Amino acid sequence: ESSGVALLQNLKIDCQRVCDPVFLLEPEEWSKLALEKKYDDDYILVYAFYGQKEIYEFARKLADTRNCKVYAVGTKGTNRFYDVDKYFWSVSPNEFVNLIRNSKAVVTNSFHGLAFSLIYNKDLYAFKTDKRGNSRIIDLLKAIGNYKENNNSLIAEINDYTEINRRLTELKEYSKKYLKDCGI
């Protein structure tokens with residue numbers, strides 16, 4: 001992340017920003033690792049930290065307009081009491097990727113929720129967290145040219161991937177070349 005580069009440069013450590021390793025695999029490669037499970041419903045997937053109720057409320061409204069269910073992945077037990085149709089407790093990485101891959105849209109405040117939504121070109125609604133951990137999300141959204149600074153916590157709404165995929169391809173190519181030149 002750009003914020004991490006700035007921290008290291010302040011310590012006089014020479015470094016370059018490269019993309020997160022999840023972007024170094026293509027969607028087809030991730031799909032080979034994902035579960036093959038299909039779900040009975042069309043659904044909006046919520047992957048949110050810190051129990052931000054507004055995210056679940058947003059997902060419910062979105063699901064109602066699209067005639068979908070709301071599925072949620074979480075690690076905090078109280079999230080299952082929000083208005084969701086199906087709650088997945090602490091899923092494996094394989095199931096996490098599969099849930100994103102098969103969703104109609106993703107509502108998240110998580111870096112990896114954002115990243116895998118981008119990988120699979122999902123309709124995406126990214127929120128700031130109300131606690132911490134926003135820098136990775138914001139840095140990635142800025143890198144793909146889709147960060148919207150505003151006074152509320154919805155910071156990106158993505159459903160057209162033409163320019164985003166071009167920018168992600170450039171970032172991945174640069175990252176692979178840099179890592180290869182470093183001998184990695």
Side-chain angles (χ1 to χ4, degrees), residues 1-27 30 44-59 62 72-76 78-79 82 90-91 93 96-97 99-101 103 105-179 181-182 184:
E1 294 85 38
S2 299
S3 55
V5 169
L7 288 171
L8 292 172
Q9 288 176 340
N10 283 340
L11 297 171
K12 309 293 187 233
I13 298 171
D14 185 37
C15 63
Q16 295 291 317
R17 179 185 64 138
V18 295
C19 65
D20 189 90
V22 300
F23 291 106
L24 299 180
L25 292 179
E26 296 300 320
W30 279 113
I44 306 298
L45 183 69
V46 177
Y47 183 56
F49 292 114
Y50 310 118
Q52 270 179 264
K53 192 172 183 178
E54 71 177 308
I55 293 173
Y56 291 86
E57 291 169 347
F58 179 91
L62 180 66
V73 173
T75 57
K76 185 175 180 179
T78 56
N79 293 2
Y82 290 147
S90 198
V91 300
F96 174 75
V97 171
L99 282 162
I100 289 180
R101 179 180 63 171
S103 69
V106 176
V107 181
T108 189
N109 65 3
S110 153
F111 175 82
H112 286 101
L114 168 63
F116 281 99
S117 297
L118 295 174
I119 289 168
Y120 283 108
N121 285 196
K122 293 296 172 179
D123 285 357
L124 171 68
Y125 302 88
F127 284 77
K128 289 181 191 175
T129 69
D130 58 4
K131 303 251 186 270
R132 60 182 175 81
N134 291 311
S135 65
R136 293 184 80 197
I137 294 170
I138 291 169
D139 285 346
L140 178 54
L141 289 170
K142 285 180 179 178
I144 63 170
N146 205 278
Y147 175 65
K148 295 178 179 136
E149 182 68 49
N150 57 46
N151 292 330
N152 60 33
S153 58
L154 178 63
I155 54 176
E157 184 174 333
I158 301 171
N159 54 31
D160 179 357
Y161 277 85
T162 308
E163 181 64 17
I164 290 168
N165 285 336
R166 186 189 68 73
R167 288 178 182 227
L168 277 174
T169 298
E170 288 176 358
L171 181 58
K172 290 189 300 188
E173 288 173 359
Y174 170 80
S175 299
K176 288 176 182 178
K177 182 182 181 323
Y178 178 79
L179 293 170
D181 290 348
C182 289
I184 296 173

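Side-chain atoms are counted along with the backbone in the values below, which use heavy atoms only and exclude waters and symmetry mates. Being a predicted model, the structure only gives us computed values, none of them experimental.
- Within a 6.0 Å radius of CG in Asp181, other residues, nucleotides and ligands contribute more than 12 heavy atoms.
- Between Tyr125 and Phe58, the ring planes lie tilted relative to each other; the angle falls in the 30° to 60° range.
- Side-chain contact check for Tyr120 versus Val97: some heavy-atom pair is nearer than 4.5 Å.
- Sorted by first and then second residue, the pairs that involve residues 105-118 and meet side chain to side chain donor-acceptor pair (under 3.5 Å), not counting sequence neighbours, are Gln52-Asn109.
- Within the 4.5 Å cutoff, no side-chain heavy atoms of Glu57 are placed close to those of Tyr82.
- Rounding to the nearest 0.5 Å gives a distance of 8.0 Å between CD1 of Ile119 and CG of Leu25.
- For the pair Leu124/Asn159, no side-chain contact is recorded, criterion being any heavy-atom separation below 4.5 Å from C-beta on.
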Side chain to side chain contact (heavy atoms under 4.5 Å, CB included), that's the test. Do Leu141 and Leu114 meet it? Break it down for me. CA-CA 9 Å; Leu141 289 170; Leu114 168 63; 4.0 Å; yes
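- If you look at Tyr47 and Phe116, their ring centroids are not closer than 6.0 Å.
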Give every donor-acceptor pair under 3.5 Å between a side-chain atom in residues 168-176 and any protein atom, sequence neighbours left out.
from   : atom 1 : to     : atom 2 : distance (Å)
Thr169 : OG1    : Asn165 : O      : 2.8
Glu170 : OE1    : Arg166 : NH1    : 3.4
Glu170 : OE2    : Arg166 : NH1    : 2.4
Lys172 : NZ     : Glu26  : OE2    : 3.4
Tyr174 : OH     : Gln16  : OE1    : 2.8
Ser175 : OG     : Cys19  : N      : 2.8
Ser175 : OG     : Leu171 : O      : 2.8

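- Counting heavy atoms from C-beta on, the side chains of Ile164 and Leu118 come closer than 4.5 Å.
- Judged by distance alone, the side chain of Trp30 and the main-chain N or O of Val22 form a donor-acceptor pair under 3.5 Å.
- Annotation for Leu8 and Cys15: closest pair CB-SG, 3.7 Å, computed over non-hydrogen atoms.
- With a 4.5 Å cut-off on side-chain heavy atoms, Phe127 and Ile155 do not count as touching.
- In this structure, Phe111 CZ and Ile138 CD1 are separated by 12.5 Å, a value rounded to the nearest 0.5 Å.
- At a threshold of 4.5 Å between non-hydrogen side-chain atoms, the residues Ser103 and Val106 count as touching.
- Between Asn134 and Lys128 the shortest heavy-atom distance is OD1-CA, 3.3 Å.
- Looking only at side-chain heavy atoms (C-beta outward), Ile158 and Ile144 come within less than 4.5 Å of each other.
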Between Arg136 and Asp20, does the salt bridge (charged side-chain N to carboxylate O under 4.0 Å, His left out) criterion hold? Intermediate values first, please. CA-CA 10 Å; Arg136 293 184 80 197; Asp20 189 90; 2.7 Å; yes
